[in-house]
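Each remark here refers to the structure printed beneath this line.
Bear in mind the structure is a predicted one, so any value in this text is a computation, not a measurement.
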Amino acid sequence: MGDRLEVVKGHLSTGQVQQSCCSAPGCGPGYRTPLDAMKAPKEQIVYLPCIYSNTGINRPDYLATVDVDPNSPTYSKVIHRLEMPNMKDELHHTGWNACSSCFNDASKSRNRLICPGLISSRIYVIDTGTNPRAPRIHKTVEPTEVWKTGLANTHNTHCLGSGEIMISTIGDPSGNAKGGFVLLDGETFEVKGTWEVPGEETEFGYDFWYQPRHNVMISTEWGHPKLLCSGFDPQHYADGKYGQSLHVWDWTTHRRIQDIDLGPEGAIPLEIRFLHNPDEPQGYVGCALSSNVFRFFKTPRGDWATEKVIDIPSKKVEGWALPEMPGLITDILISMDDRFLYFSNWLHGDVRQYDITDRRNPKLVGQLFLGGSICKGGPVRVTHDVELDQQPDPLVLNGRVKAGSAPQMLQLSLDGKRLYVTTSLYSGWDKQFYPDMIKEGSLMFIVDVNTDIGGLSLNQNFLVDFGQEPHGPVLAHEVRYPGGDCSSDIWL
């Protein structure tokens, strides 16, 4: 356990919102290939969950619709808020009822957004098809239905080619850690059971991605759900209460066939992404606490292996909770053409862009600081930094320094030219690491991307300040597009 502790040191009509790039008769949702997806019309609106847990405001979470069309009179504004009927759900990640995995099924339509509650285990099915600019609740799956599977704390959603919907979990109904996968019927949204064969659950759960042409799914680990609400304690990682492994599953038999312990250098592997090309037997995973990126790949023997390909050095600091501050990689994305990898360092405060055309040797080609914990003039002084000559400038918005904010969730436009960034990670950790965000609300930016040679720049014309919401500051999380995006669509 000693090694573990050391690591810590209203513009468009309904019919105009893009659902698919396919105009031929009989096509299903999504796009024929990832490269076809890059040719889709530009996104006009986006959805993101807004959370009031841990803010002191006694309101339900809601789904915000934001106008992202620069030609619209309501550009950069929240144009609709769909309030949930229950309190303290902690909406977190969302996903679609159908995506490009159903492209060949003309009976399917991407018209329901699945919104699981991380804390409540309640699942909302949101109708985005009837009026995309003003979604409404189609169905609510109560926690008791989820708990019948022996799973709880619903997290990440993917649609399957079968038409079913699969949601990962991080706990059981008693609040213990347990990684599994709940299956919903794609038409009725009733709970069907679990995807995995009984007894194959993992100790921890979090994210997952599947690649059917290689008969594989790989899942990741976060930590013990009972501990998440009270913030992060380094000792809990040292005590084995957080994960550091990847789990390889046989896509056909639903059995776990391999566990890959990444060791302390792979501490808390969160978001995992296969390359979008469905023939590719490789991808990347961001490890939060160790602030490393691992490449995973299929070996000539047919099993799976990993190698560390990006290492973000911790910074020696004064005025912080620990003598060294990790970057804390909390989200990771791959462009649809598999050329660029993006991730956020939530504590250091930067977004990075890597050229990954050489899969084993990513090259840093873009970096942008949007706040963070090491800015000039803040309480933290960096005493040793192997990457930067000086501390980055603070984030200034409307002439005022904006403290208590850092880039976290990322979503890339299908054409790869716009990176949407929000700042909330999880309400309990927001409260611990960025208490000003609790008081002032989170932010949403657009970062313009140079897709020729690399490079990131802040779009000065777009900002959504969720501190200005009608019922008080709120924590906005993951962004989704009605037409699919770089972390929702999978090809068969």
Side-chain angles (χ1 to χ4, degrees), residues 2-9 220 232 234 237-238 242-244 261-273 284-296 306-333 340-356 358-395 405-408 410 421 423 425 429 432-434 454-456:
D3 287 343
R4 278 177 168 252
L5 193 55
E6 282 299 313
V7 174
V8 180
K9 299 192 190 163
T220 65
F232 178 72
Y237 174 72
Y242 286 88
Q244 59 181 37
D261 187 344
L262 300 174
E265 288 201 321
I268 313 185
L270 294 181
E271 310 294 343
I272 187 166
R273 310 287 183 239
Y284 301 90
V285 59
C287 301
L289 189 57
S290 56
S291 301
N292 295 322
V293 175
F294 279 76
R295 170 180 169 258
F296 59 88
T306 62
E307 59 178 352
K308 186 176 70 171
V309 293
I310 300 173
D311 186 337
I312 305 301
S314 294
K315 302 181 189 300
K316 293 184 178 180
V317 296
E318 295 176 350
W320 198 62
L322 297 169
E324 293 192 5
M325 181 189 294
L328 207 74
I329 297 174
T330 51
D331 200 10
I332 186 169
L333 285 178
F340 295 112
L341 172 76
Y342 301 85
F343 64 79
S344 54
N345 286 309
W346 192 57
L347 290 179
H348 290 175
D350 59 317
V351 178
R352 299 192 180 204
Q353 177 191 24
Y354 285 80
D355 183 328
I356 55 170
D358 181 347
R359 307 300 188 202
R360 300 188 66 184
N361 298 286
K363 178 183 176 183
L364 180 64
V365 294
Q367 183 178 21
L368 179 65
F369 279 87
L370 294 170
S373 298
I374 59 168
C375 294
K376 294 175 183 175
V380 175
R381 186 173 76 89
V382 178
T383 60
H384 182 69
D385 191 335
V386 299
E387 292 188 309
L388 302 176
D389 294 330
Q390 57 183 337
Q391 293 180 230
D393 292 327
L395 179 66
S405 180
Q408 203 285 107
L410 307 176
V421 181
T423 57
L425 170 58
W429 287 22
Q432 178 182 7
F433 292 104
Y434 290 107
L456 304 174

Between [X] and [Y], does any side-chain donor sit less than 3.5 Å from a side-chain acceptor?
X	Y	answer
Q244	D261	yes
S373	Y434	yes
T330	Q408	yes
E265	N292	no

Over all atoms of both residues, closest heavy-atom pair of [X] and [Y]:
X	Y	value
Q391	R381	OE1-CA, 3.6 Å
P264	S290	O-CB, 3.5 Å
P392	I374	CD-O, 3.6 Å
L322	P234	CD1-CG, 4.2 Å

Answer yes or no: is there a side-chain heavy-atom contact under 4.5 Å between [X] and [Y]?
X	Y	answer
C287	I268	no
F340	V365	yes
I329	N345	yes
V309	Y354	no

| task | I would like to know whether W320 and L347 meet side-chain contact (heavy atoms from CB on, under 4.5 Å); could you show each step before the answer? | result | CA-CA 11 Å; W320 198 62; L347 290 179; 3.8 Å; yes
| task | Show your working on side-chain contact (heavy atoms from CB on, under 4.5 Å) between L333 and R273 and close with a plain yes or no. | result | CA-CA 7 Å; L333 285 178; R273 310 287 183 239; 4.0 Å; yes
Can any side-chain N or O of [X] pair as donor or acceptor with the backbone N or O of [Y] at less than 3.5 Å?
X	Y	value
H384	V317	no
Q353	Q367	no
W346	T423	yes
T220	I272	no
Y284	R359	yes
S291	I312	no

| task | Look at the rings of W429 and F433 and say which category their plane angle falls in: under 30° parallel, 30 to 60° tilted, over 60° perpendicular. | result |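 If you compare the ring of W429 with that of F433, the planes turn out perpendicular.
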| query | Taking atom NZ of K363 as the centre, does the number of heavy atoms from other residues, nucleotides or ligands within less than 6.0 Å exceed 12? | reply | no
| query | Within a reach of under 6.0 Å around NZ of K308, are more than 12 heavy atoms found that belong to other residues, nucleotides or ligands? | reply | yes
| Ion pair K315/E324, N-O distance below 4.0 Å |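 Between E324 and K315 there is no salt bridge, as every charged N stays at least 4.0 Å from the carboxylate O atoms.
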| said: Check D350 with R352, please: is the shortest side-chain N to carboxylate O separation under 4.0 Å? | reply: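 Answer for the salt bridge query: yes.
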| said: side-chain contact (heavy atoms from CB on, under 4.5 Å) for Y237 and L289? Distances and angles first, verdict last. | reply: CA-CA 9 Å; Y237 174 72; L289 189 57; 3.8 Å; yes
